[in-house]
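Taking it in order: structure first as structure tokens, then the write-up.
These numbers come from the heavy atoms of this one structure, side chains and all, not from hydrogens, waters or symmetry mates. Sequential numbering from 1 along the given sequence is applied to the chain's residues. Please read all numbers here as calculations on a predicted model, not as lab measurements.
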Amino acid sequence: MMLFPWSFETSPLSVTKSQGGTPPHEFTFATVLSSCTSSYGFELGRQIHYFIIKSSFESHIFVGSSLLDMFAKAGKICEARGVFEGVPERDVVSCTAIISGYAQLGLDERGIRFIP
């Protein structure tokens, strides 16, 4: 049984298109990004991030929180912080993700600054 209907060599465009040809929306991106946790998945997530920027979905709260979580889990705290700063409406999910990212790197004191 295949967990994901794509290979890691596919382009972000084909990854984000549904089988019916419907264009992706913020929930599509958020769902796909949540699966990008391994080293191969992270590289795919970076490609999807590029596609998200070109598609102007980066400011959506679900997409921004998923990007933030992906970068934080990968230890890419600078990238996570950049996404956090760009999210127009911060919520408990995005704040928790950035705090967790800092804590995972042993930077608890820096993470605490993000408690609303």
Ring-plane angle category for F71 and H49, please: parallel below 30°, perpendicular beyond 60°, tilted otherwise.
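The arrangement is perpendicular - the two ring planes meet at more than 60°.
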
Locate the shortest heavy-atom distance separating [X] from [Y]; write the atom from each residue and the value.
| X | Y | answer |
| --- | --- | --- |
| G75 | L105 | O-CD1, 3.9 Å |
| V63 | E26 | CG2-O, 3.4 Å |
| R90 | C95 | CB-SG, 4.4 Å |

Scan the side chains in residues 76-84 for donor-acceptor partners under 3.5 Å anywhere in the protein, sequence neighbours excluded, and list what turns up.
unit_1	atom_1	unit_2	atom_2	d
R81	NE	E85	OE2	2.7
R81	NH2	E85	OE2	3.2

My understanding is that only residues two or more places apart in sequence, or in another chain, count here; which of them pass ring-ring contact (aromatic ring centres under 6.0 Å, His included) with F57?
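Scan of F57 (ring-ring contact (aromatic ring centres under 6.0 Å, His included), adjacent residues dropped) gives F29, H60.
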
Please report the interatomic distance [atom1]([X]) to [atom2]([Y]), rounded to the nearest 0.5 Å.
| X | Y | atom1 | atom2 | result |
| --- | --- | --- | --- | --- |
| I48 | T28 | CD1 | OG1 | 10.5 Å |
| R113 | I98 | CZ | CD1 | 9.5 Å |
| S100 | Q104 | OG | CD | 6.0 Å |

Does a side-chain heavy-atom distance below 4.5 Å link L68 with V87?
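SC-SC contact between L68 and V87 ruled out.
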
Please examine the side chains of D69 and S65, heavy atoms only from C-beta on, and report whether any two atoms are closer than 4.5 Å.
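When only atoms from C-beta onward are counted, D69 and S65 do not touch, as no gap falls below 4.5 Å.
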
Decide whether I53 and F51 are clustered together by the hydrophobic rule: side chain heavy atoms of Ile, Leu, Val, Met, Phe, Trp, Tyr closer than 4.5 Å, transitively.
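Shared cluster, no.
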
Under 3.5 Å, is there a donor-acceptor pair between the D91 and S94 side chains?
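S94 and D91 do have a side-chain donor-acceptor pair below 3.5 Å.
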
Are more than 12 heavy atoms from other residues, nucleotides or ligands located less than 6.0 Å from atom CZ of F62?
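Open.
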
Would you find more than 12 non-hydrogen atoms of other residues, nucleotides or ligands less than 6.0 Å from R46 atom CZ?
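Atom CZ in R46 is crowded, with more than 12 foreign heavy atoms closer than 6.0 Å.
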
side-chain contact (heavy atoms from CB on, under 4.5 Å) partners for D108, two or more places apart
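Testing D108 for side-chain contact (heavy atoms from CB on, under 4.5 Å), a comparison that skips the adjacent residues, returns A103.
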
Polar side-chain atom of T96 near backbone of V93 as donor-acceptor pair, under 3.5 Å:
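The answer is no, because no donor-acceptor pair under 3.5 Å joins these two groups.
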
